[in-house]
Structure formats: structure tokens, C-alpha cells
Amino acid sequence: MAEEASTQNKIRSGDTVLLRIPNGDTRSVKVEKDLIVSIGRLGSFSSNELIDHHYGLTFEIVGKNLVVLPPQNIQELEETDATNEHIVGDGSVKPVTPEEMAAMKEAGVHVSDIIKKQIDQHTNFELKTEYSKDKYKKKKEAKYAKVFTTIPPTLFNVCEYWYNKDQGRIRDLRIDALSQMLNLANIRPGGRYLVVDDASGLVVSGVLHRMGGQGRVLTICDVETPPAYPVMTQMNFPPEFKSIMASLNWATCQEDYTPIISTWDVEEDQIRSDKQRIRVNKRRAASDFLQSTREDLFAGEFEALVVASEYDPQSILKRLNKYLGGSCNIVIHSPYAQILSDLQVVMRASAEYLSPALSEVWLRRYQILPGRTHPMMNMSGAGGFILHATKVYDDPSAVPVEAHRRLQAKLATETQKSSDIVPSQQEEGDVAMTDAT
Amino acid sequence: MWSTAREIAPGDTVIAWLTRDLIQPLVVTPGKDLNIRFGYYRHDDLVGVPYGSKVGSRNGKGFIHVLRPTPELWTMALPHRTQILYLADIAFITSHLDIKPGSRVVEAGTGSGSFSHSVARSVGKTGHLWSYEFHELRASKAKEEFTRHGLADIVTLTHRNVCKDGFTVESAADAVFLDLPMPWSAIPQAKKALRKDCLTRICCFSPCIEQVQRTVTALNDAGFTEITMYESLVRPHEVDQVPPMRSVDDACEILKKAEQKREDKRLRQIAATRQNLANKRKREGEADLAEEESHHDTASGKRTKTDEIDDIPQEPISLDRNIAGSSEVADSTKPTAKTTVSKAFPEVRGHTSYLTFACLLPASPEVTVDA
Ligand SMILES: C[S@@+](CC[C@H](N)C(=O)[O-])C[C@H]1O[C@@H](n2cnc3c(N)ncnc32)[C@H](O)[C@@H]1O
């Protein structure tokens with residue numbers, strides 16, 4: 001197991017790797033043996049230089065090669081008496097000219113020396129506070145350093161990458177919301193889950209990540225062939241993680257619909273060529289797979305339904321409700337409170353759903369540099385809303401305690417009128433109990 | 001972990017859901033009774049019932065729902081021995097520490113086991129959780145619970161002071177979670193417990209910013225990198241159905257009607273007063289022709305009267321729908337369908353703790369790569 005876990009922490013040929021570059025941006029690159037990886041201004045290098053390295057390391061591009069840099073820790077800044085009091089404008093900065101810069105780069109001068117040269121030419125530099133000096137150096141580093149860090153393909157990092165890249169495509173599903181959904185849905189190795197994911201496969205990725213190749217996931221989608229789920233690309237799942245998943249679409253998941261593919265069967269004696277045989281076999285396999293996937297769905301008793309969809313959640317619930325087992329968790333995400341409030345009203349009117357609850361997620365990141373700890377100036381406002389409910393089996397004969405009290409009160413007044421028609425309490429309870437079991 | 005069978009069996013731990021705020025764990029023990037505000041039940045009645053069923057009480061005084069336990073329900077139902085972690089923090093930490101099937105996790109202190117149950121579920125049978133608690137009674141209670149919940153193979157609980165004596169494992173954990181008053185004092189020990197052959201992670205959970213600062217310094221000194229800090233909250237919303245909001249057009253109509261009504265009344269009163277005066281004058285003319293001296297007085301009396309008419313106390317302008325006619329306006333122009341609205345609960349948790357994260361890179365990357 002330790003062996004396995006450690007190889008999963010290394011970059012393999014075929015991985016799609018996220019790289020953080022000095023300006024804070026993240027790039028996604030495909031690493032394939034003997035192929036060249038190019039990251040814009042930073043330069044390019046051979047994939048082989050990354051393969052077998054652990055995720056999380058920082059590299060410097062030197063020529064066409066990579067050099068591993070030691071881990072960087074936070075530098076404690078010494079307080080000085082400097083304030084910004086005597087700094088006048090920026091006119092006194094004699095920037096390094098583009099020609100000088102080109103010449104230095106040509107001569108292979110190291111970034112730190114380029115930055116030093118710039119600082120030397122910055123007449124006000126010594127007047128700056130230590131904090132602004134640090135900020136200045138960081139800014140220059142971000143501009144000139146040919147350095148990047150490989151980001152481990154954890155659900156957290158992949159979700160953050162997609163959220164920053166295009167939060168609309170993942171339906172505002174921020175990592176805090178996604179994490180809560182996976183926990184509320186009780187995703188675990190060995191479970192059986194139904195997933196509706198129109199968030200580019202982020203939910204599916206989360207579910208598969210938490211199942212580790214054990215259990216069963218059925219996704220229902222709106223396309224004919226199994227959906228692409230692009231988010232899965234960066235997760236670099238081993239094949240066995242994905243093999244527990246199968247997809248149906250909104251037509252093929254309908255019990256009274258006969259998918260057209262299953263009627264294409266050709267009789268054995270009608271097969272003329274090997275080529276045709278291969279085609280027929282393929283088709284047959286696809287048909288069998290579809291059939292068994294449908295049977296899997298129709299067998300029901302799923303442990304959770306997890307939804308982040310562009311379709312009306314009420315229509316989804318209507319279709320899939322009958323396949324949910326007792327005590328099943330229903331977890332639905334939406335960027336909009338309105339959609340889930342409407343759903344909540346419908347669900348709470350039904351005795352099949354216990355305590356549908358709506359909540360909004362909230363997340364704040366902090367800068368934690370020594371002496372400079374504060375919330376980040378920018379925070380992401382939209383992580384979406386989550387509705388969670390538990391599927392239950394109703395017993396219409398069970399009397400709520402309030403109704404019981406009202407009944408008692410009514411009986412008490414009636415007793416005063418005629419005392420001989422009151423049924424015994426015990427009998428009443430027994431009736432409810434028999435129906436329940 | 002807990003039963004995955006469809007029906008409840010004797011010995012199962014079930015969650016009795018009475019109300020959203022009253023959720024109780026229950027070990028189904030044939031022969032035992034459950035007597036609560038929501039009625040009287042026998043445990044035998046629960047045996048064979050599918051998980052998720054509503055069960056009516058024997059005395060008709062209410063019902064309960066019997067649910068299959070999950071770590072999330074357990075967090076809501078567990079007996080509190082300490083402060084505990086809740087869903088938002090647990091979920092976020094699990095993702096950030098990349099806790100997944102097969103992960104090996106170290107945790108201190110165990111406390112009430114809220115976080116432990118969630119981690120045990122997520123790491124599964126191929127993973128492991130080493131949990132440490134220095135309070136003897138809490139340690140033994142937690143150990144009992146882990147055993148009862150079928151977690152004995154997944155969770156190893158050790159009774160010890162981790163700040164003084166460290167952890168029982170070395171270079172073994174993928175992740176460490178510290179929920180201690182002084183997490184910084186356990187960081188060197190935590191580093192020892194973490195694997196050195198791959199990237200590993202740590203999270204410290206502290207309510208105060210001063211604790212965070214000391215922790216960050218300790219993490220930095222111990223060689224941890226990528227130090228980040230977050231705060232994660234949930235804002236529960238209440239959903240309501242309200243009548244559609246009224247248009248200011250209604251208010252305008254009502255105001256106009258009220259004004260008109262008041263004006264009509266004033267005019268009526270003026271007319272009535274005039275009539276009275278005329279009648280009076282007529283009577284006076286007939287009855288008292290002789291007393292012409294007093295005419296002046298009567299004239300001044302008349303002026304006083306007119307002033308009074310102008311001072312008719314104003315009826316307050318009201319938007320009350322019960323003003324005759326106004327409710328008709330509102331009802332005829334508005335559909336009767338209600339609008340669904342939602343808003344955050346008036347009182348919500350505003351802070352739990354700060355979550356400080358950091359990474360530990362493999363000891364000597366160059367060497368590891370060459371090997
Ligand atoms: C707030 S509780 C942990 C709650 C837990 N995370 C949960 O979710 O239920 C903190 C626990 O740490 C224990 N503790 C404090 N210092 C400790 C130490 N040095 N070694 C071991 N346990 C310690 C306390 O006894 C307490 O039970």
C-alpha cells in the first residue's frame with residue numbers, strides 16, 4: 001500500500017500536470033515521455049525531466065534542463081525605522097533598459113542578479129520599509145524568474161484550478177461546497193451512488209476520488225455517448241478508479257423506453273467477414289453494457305443522489321427518486337438560492353423527504369506573513385448553495401405528537417359530554433404500530 | 001463501519017431522529033424500551049424495519065424516524081465530551097489534507113470523536129487513523145465507541161500527551177491533524193510522524209489568531225512550506241412562502257380613496273352645519289324678532305362655528321387593507337400564488353476556528369529521484 005501511494009505521488013508519463021508559475025497563474029500541461037513541454041515566456045524543456053519526480057517540487061528552467069530548487073520557507077522580515085515618508089514619486093527609478101536586459105539574459109545572468117541590478121539602479125530602494133522592499137523583490141521575481149512548482153492533483157487543487165479558470169463551467173462549485181457535498185452524501189469506498197453532473201465532471205471526480213476504485217457510480221447525463229467530464233483529466237485517475245463508473249442518459253434511464261441500440265443484433269450465420277464480426281461484437285458488448293447498467297439503476301437502493309445540474313432539480317428527483325434507498329442522502333448544489341428554495345418547498349410538503357435543509361457556503365483565505373496577517377483583499381463571493389435531505393419511508397398512520405395532544409384535548413372535552421365512547425389509548429398506539437411494521 | 005443492510009438488526013447503532021435539534025444514537029437492544037416526549041417504543045419494534053422508516057409510537061403520542069448512521073449524523077447526535085468539529089470544517093480539512101481511501105492519518109486530540117468518525121469513513125479499510133487523547137476518561141469512552149462502531153481495525157486510539165511524548169508512529173502518516181490548545185508544541189513531533197518519501201500535509205485547528213501566528217512560526221521553523229490559512233462557514237437559510245408583495249400602485253389608490261373619503265366627509269359636514277345654521281336662523285328669526293341688540297353676538301358665534309368646521313380632526317391616513325373598498329383593489333389585481341423566499345437564519349455560527357495548512361516535501365528530492 002505504501003508503495004502504491006508513493007508512486008501515485010509521482011509524475012508519470014501520460015499525466016496532465018498543473019504548474020504554478022511565478023505570477024501566481026496555474027497552467028495545465030500534458031507530460032508524455034520524450035515530448036517537449038512549453039510554458040510560454042518561461043521556456044520549454046523535455047517531459048522526461050519531470051517524469052518520476054514527486055509532485056509539489058519547485059524547478060528552475062536552466063537552458064533546456066530542470067533544476068530542483070530547495071523548499072522555500074517564509075522569510076522573517078526585520079523591522080527597520082524606515083517609513084515611506086521620504087519616498088517621492090517613482091521618477092528616481094532608472095529602470096534597466098530592454099537592451100541591457102536582453103544582454104544580461106544573453107549572457108546567462110541569473111534572475112537573482114538581474115533583480116539585484118535593478119535594485120542597485122533603484123535610488124529609493126534603501127528608503128523603503130522592509131515590507132515594501134520585500135514586495136518589490138517579489139514583484140520582480142514574478143516577472144523574471146524561470147521557476148515553476150508542480151501542483152499535486154488533489155481534488156482541492158484541481159477544483160481550485162477550475163474555479164479560477166472558469167467558475168461558470170463548474171457551476172460555481174467551490175471546493176468548500178464540493179467537500180461538504182461529498183461528506184453529506186457519505187461518499188466512501190464501497191458505496192453505491194447516483195450522480196448528475198453538469199459541472200464538467202467535478203462532482204464525478206470528487207466522488208470517484210473518495211471511492212478509490214471500490215463501489216459503484218452511475219451518472220445520468222444529457223448526451224448520447226458517455227460524457228467527457230473534462231475535470232477528470234487533471235485528476236490523473238488510474239483506470240481502475242474510473243472502471244466503477246457507468247453512464248446512462250435521460251432517455252436510456254427510463255424504464256419504459258427501449259434503447260434502439262439493443263435491437264441491432266445480427267444473427268450468427270449472417271456475419272460475413274472478420275471486420276463485420278468485430279463490429280458486431282463491439283455493438284453487442286455496448287448493448288450488453290447498456291443493458292446491465294440499466295438493470296443496475298433499476299435495482300435501486302442507491303445510497304446517495306448527488307446533483308450539480310443545469311436541469312430542474314424537481315424533474316431530476318421525480319425521475320430518480322424511486323431508485324433511492326431508505327435513509328439515502330440527497331445532496332443538490334446550485335449557484336442560485338431561488339432554485340433550491342423552490343425545491344425545498346416541494347420536498348418539505350412530501351413525507352418522503354426528511355428535513356430538507358438549505359445552506360450557503362462561505363470561505364475566506366488569509367495572508368499569514370509574519371506581522372502581516374489579514375484576510376485576503378479579494379474573496380470569492382460565490383460558492384453556491386446546497387440542499388440536503390434524507391429519503392425516508394412514510395407511515396401515514398403514525399400520529400405526530402402535536403396532533404396527539406390536540407386529539408387528547410378534544411377527547412377530554414368530549415369526555416365531559418359523554419364519557420363512555422373514548423377508545424383506550426393503548427389500542428390506538430397498537431394500531432399505529434402494526435401498520436408501521 | 002455501521003450496518004449497510006437494508007433492515008435494522010439487533011445490536012445495530014441507529015440514529016433516532018426526533019426533530020432537527022433532537023437526534024439520538026440508539027443501540028437496538030431487544031427487550032429494551034425507549035420512552036421519550038415523542039412516545040413509547042420497544043426496541044424490538046425496530047428490528048426488521050428498513051432504515052429510513054418512520055415509526056409510530058406504541059401509545060400514539062408521536063413518531064420517530066430511524067436512520068442509518070453516517071459520520072455527519074453522528075456529529076449531530078454524539079454525546080459531547082468536548083468542543084467538536086462540524087461539517088464545514090471537517091469537509092474542508094478532509095479535502096485540503098487529501099484524505100481519501102488508503103490514507104494514513106494522525107489526529108490529536110480525539111476529543112468527542114466527531115472528526116475521527118468522518119476520517120475513518122473516508123480512509124476506509126485500506127487506510128488508518130492513529131488518534132491520541134491525553135484525558136483518560138475521554139480516551140476510554142472514544143475507544144469504546146470506535147469498537148462499537150466497527151472501527152477497531154481502522155482507528156488506533158492511544159492515551160497519551162502528544163506534546164510531551166509524541167506519536168506512536170514514525171514516518172508513517174500522509175496527513176496530521178492537530179486540534180490542541182497549543183498545536184505549535186506538537187509540530188516537531190508531527191513532523192516525525194509524517195512520511196518522508198512523498199509530499200505530506202498538516203492542518204492545525206485554532207480559534208485564536210495568536211495561536212495561528214505561533215503555529216505558522218513553528219511550521220516555518222520545522223521546514224513546512226505552502227503555509228495557508230482559511231476560515232470556512234455555512235450559512236443555513238430558512239425558506240418561507242409569502243404572499244406576493246403589493247405594488248405601490250395599491251398604496252397610491254388607497255391613499256387617494258382615503259383623501260377623497262375625508263374630503264367628502266368634510267363637505268358633508270360643512271353642508272350639514274350650513275343647514276343647521278340656516279335652520280337655526282330661521283327659528284331665531286321667527287321666535288326672537290324683538291331682540292335686535294343681540295344680533296352682533298350671534299354673528300360672532302357663527303364665525304366660531306365655521307372655524308370649528310375647518311378643524312375637523314383628520315382621520316389618519318391608513319394603509320390598512322380593511323378600509324372599505326381598498327382590499328378589493330388589492331385582491332382583484334394580484335394573483336393568489338405565494339412567492340418562495342429564503343434568507344439566512346437570524347443567528348448563525350460566526351466563527352469556529354482558523355484552519356492552518358502546510359506541506360512537507362520529501363526529505364531530499366534529488367536523492368529520491370536518483371534512487
Ligand atoms: C477540542 S477537543 C478535540 C475535538 C475533536 N476534534 C472532535 O471533533 O471531536 C481537544 C482534545 O484534545 C485533548 N488534548 C489536549 N492536549 C492534548 C495533548 N497534549 N495530548 C493529547 N490530547 C490532548 C483534550 O483532552 C481534548 O479532548
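Chain letters run A, B, ... following the sequence lines, proteins first and then strands; every chain starts at 1.
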Chain B: which of [options] shares the most heavy-atom pairs with it under 4.5 Å?
| options | answer |
| --- | --- |
| A/Met211, A/Lys391, A/Gln214 | A/Met211 |
| A/Ser179, A/Pro152, A/Ala357, A/Gly212 | A/Ser179 |
| A/Met376, A/Glu160, A/Arg188 | A/Arg188 |
| A/Ser359, A/Gly383, A/Ala337 | A/Ser359 |
| A/Cys159, A/Gly191, A/Ser341 | A/Ser341 |
| A/Asp342, A/Val361, A/Thr149 | A/Asp342 |

Answer with side chain, backbone, both or neither: which region of [X] has an atom nearer than 4.5 Å to a non-hydrogen atom of chain A?
| X | result |
| --- | --- |
| B/Glu231 | both |
| B/Arg42 | neither |
| B/Ser118 | side chain |
| B/Val348 | neither |
| B/Val216 | side chain |
| B/Ile99 | backbone |
| B/Arg37 | both |

Is it the side chain or the backbone of [X] that comes within 4.5 Å of chain B heavy atoms, both, or neither?
| X | result |
| --- | --- |
| A/Arg192 | neither |
| A/Ser355 | both |
| A/Leu363 | both |
| A/Ile386 | neither |
| A/Gln367 | neither |
| A/Glu303 | neither |
| A/Gln180 | both |

### Query
Can we say B/Glu226 and A/Arg20 salt-bridge, meaning some charged N sits less than 4.0 Å from an Asp/Glu carboxylate O?
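Salt bridge present between B/Glu226 and A/Arg20.
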How are the rings of [X] and [Y] set relative to one another: parallel (under 30°), tilted (30 to 60°) or perpendicular (over 60°)?
| X | Y | value |
| --- | --- | --- |
| B/His237 | A/Phe385 | perpendicular |
| B/Phe92 | B/His96 | tilted |
| B/Trp2 | B/Trp74 | tilted |
| A/Phe237 | A/His209 | tilted |

### Message
Can you confirm whether more than 12 heavy atoms, excluding those of B/Phe345, are under 6.0 Å from its CZ atom?
### Response
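Correct, the count exceeds 12.
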### Task
Please assess B/Ser206 against B/Thr356 for the test side chain to side chain contact (heavy atoms under 4.5 Å, CB included), listing each intermediate value before the final yes or no.
CA-CA 8 Å; B/Ser206 303; B/Thr356 309; over 6 Å; no
### Message
According to salt bridge (Lys or Arg N to Asp or Glu O under 4.0 Å), who are the partners of B/Asp12, at least two apart in sequence or on a separate chain?
### Response
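Counting only residues at least two positions away or on another chain, B/Asp12 forms no salt bridge (Lys or Arg N to Asp or Glu O under 4.0 Å).
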### Task
Identify whether NZ of Lys or CZ of Arg in A/Arg364 sits under 6.0 Å from the centre of the six-membered ring of B/Tyr230 and within 45° of that ring's axis.
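So A/Arg364 doesn't make the cation-pi contact.
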